[in-house]
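Here the structure is laid out as structure tokens; the discussion comes afterwards.
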Amino acid sequence: MNWKTKLKAKGLSNFEVKVLLATARIPKGETRTYSQIARAIRKPKSSRAVGNALAKNPFAPQIPCHRVIKSNGDIGNYSANGGRKTKMMLLKKEGALRNG
DNA sequence: CAACACAAAGTAG
DNA sequence: CTACTTTGTGTTG
């Protein structure tokens, strides 16, 4: 997928593009923390800005922004339809979230 | 300056 | 561990 072009076509900034690119690299059934994404793009202190980029994610269900959680194991938030609920649902369906 | 989908460190019990 | 406070970061208004 040429996200880099699609994202930029959306008017996203270089930072947000990198974040989404790193997020699109997350394998199914696994999860990453905002901090890890921040590290992946060489901005380990921008864990907060990382969330902002995911919030702007124009390809919500396509880019696994739902596979991104907080470092303390918490789900975090979700801008797409459903919110946190859908986030958990997707993680459960993929097996990333083991409630039991 | 203010607001946000966070993280790390310090203080207190 | 749990709860609260402070500082850092990047985009947008």
Side-chain angles (χ1 to χ4, degrees):
Chain A
M1 285 295 186
N2 308 346
W3 295 118
K4 191 172 173 179
T5 302
K6 306 243 181 198
L7 296 167
K8 293 196 87 175
K10 281 283 169 193
L12 299 178
S13 288
N14 189 36
F15 177 84
E16 299 171 314
V17 172
K18 301 236 305 231
V19 174
L20 293 166
L21 286 174
T23 304
R25 285 166 69 107
I26 302 176
K28 183 186 130 150
E30 283 196 34
T31 57
R32 292 285 181 276
T33 67
Y34 293 95
S35 186
Q36 282 214 14
I37 303 296
R39 283 176 176 299
I41 65 179
R42 280 339 232 277
K43 283 183 185 313
K45 302 185 162 225
S46 313
S47 54
R48 224 206 208 242
V50 168
N52 286 4
L54 298 175
K56 286 186 63 117
N57 176 18
F59 303 97
Q62 286 180 66
I63 289 181
C65 52
H66 58 261
R67 289 185 202 151
V68 187
I69 59 174
K70 299 215 312 184
S71 193
N72 54 354
D74 208 347
I75 293 294
N77 284 289
Y78 199 58
S79 182
N81 186 335
R84 300 200 254 245
K85 312 282 256 196
T86 299
K87 185 160 182 176
M88 287 220 227
M89 186 196 76
L90 293 165
L91 294 172
K92 278 191 102 164
K93 285 182 75 79
E94 297 195 345
L97 200 70
R98 271 187 212 114
N99 208 325

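Note that this is a predicted model, so its numbers are computed, not measured. Letters A, B, ... mirror the listed sequences (proteins, then strands); counts begin at 1.
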ask   = Quick one: A:I75 CD1 to B:dC6 P, roughly how many Å, whole number?
value = 12 Å
ask   = To the nearest Å, how far apart are A:R39 CZ and B:dA8 P?
value = 7 Å
note = Side-chain atoms of A:E16 come closest, of B:dA5, C:dT12, B:dA7, to C:dT12
note = A:S79 has its side chain closest, among C:dG8, B:dA5, B:dA7, to B:dA5
task = Would you mind reading off the distance between A:D74 atom CG and B:dA8 atom P, rounded to a whole angstrom?
result = 14 Å
task = Mind calculating the distance between CG (A:L12) and P (C:dT11) to the nearest angstrom?
result = 11 Å
ask   = Given the rule in the side-chain contact (heavy atoms from CB on, under 4.5 Å) test, do A:V50 and A:F15 qualify, once you have shown the distances and angles that lead to the verdict?
value = CA-CA 8 Å; A:V50 168; A:F15 177 84; 4.3 Å; yes
inquiry  = What is the distance, to the nearest angstrom, from the CG atom on A:N72 to the P atom on B:dA9?
reply    = 14 Å
ask   = Do the side chains of A:P27 and A:R32 get nearer than 4.5 Å, heavy atoms only?
value = yes
query = Between A:I37 (CD1) and B:dA7 (C1'), how many Å, whole number?
reply = 14 Å
key: Any strand: nucleotide that pairs with C:dT9 via Watson-Crick or wobble, under 3.5 Å   = none
task = Respond yes when some side-chain nitrogen or oxygen of A:N77 is under 4.0 Å from OP1 or OP2 of B:dC4, and no when none is.
result = no
key: A:I41 CD1 - B:dA7 P separation (whole Å)   = 14 Å
inquiry  = Check the phosphate of B:dA8 against A:S71, side-chain N and O only, distance under 4.0 Å to OP1 or OP2. Yes or no?
reply    = yes
inquiry  = Taking atom CG as the centre, does A:N81 end up with more than 12 heavy-atom neighbours from other residues, nucleotides or ligands that are less than 6.0 angstrom away?
reply    = no
task = For residues A:T31 and A:V68, determine if any side-chain heavy atom of one lies less than 4.5 Å from a side-chain heavy atom of the other.
result = no
task = Sort out the partner of B:dA5 for me: Watson-Crick or G-U wobble, both distances under 3.5 Å, none otherwise.
result = none
query = Over how many whole Å does the gap from A:I69 atom CD1 to B:dA7 atom C1' extend?
reply = 14 Å
query = Starting at the 5' end of DNA chain C, which residue's closest nucleotide do you reach first, A:G11 or A:S47?
reply = A:S47
inquiry  = Side-chain N or O of A:K56 versus OP1/OP2 of C:dT12: is the shortest distance under 4.0 Å?
reply    = yes
task = Check every strand shown and say whether A:Y34 touches a base, only sugar-phosphate, or nothing at a heavy-atom separation below 4.0 Å.
result = base
request  = Report, as yes or no, whether the 6.0 Å neighbourhood of atom CG on A:D74 holds more than 12 heavy atoms from other residues, nucleotides or ligands.
outcome  = yes
Among B:dA5, B:dC6, B:dA8, the nucleotide that comes nearest once only the side chain of A:K70 is considered = B:dC6
key: Short side-chain N/O contact from A:S13 to OP1 or OP2 of C:dT12, under 4.0 Å   = yes
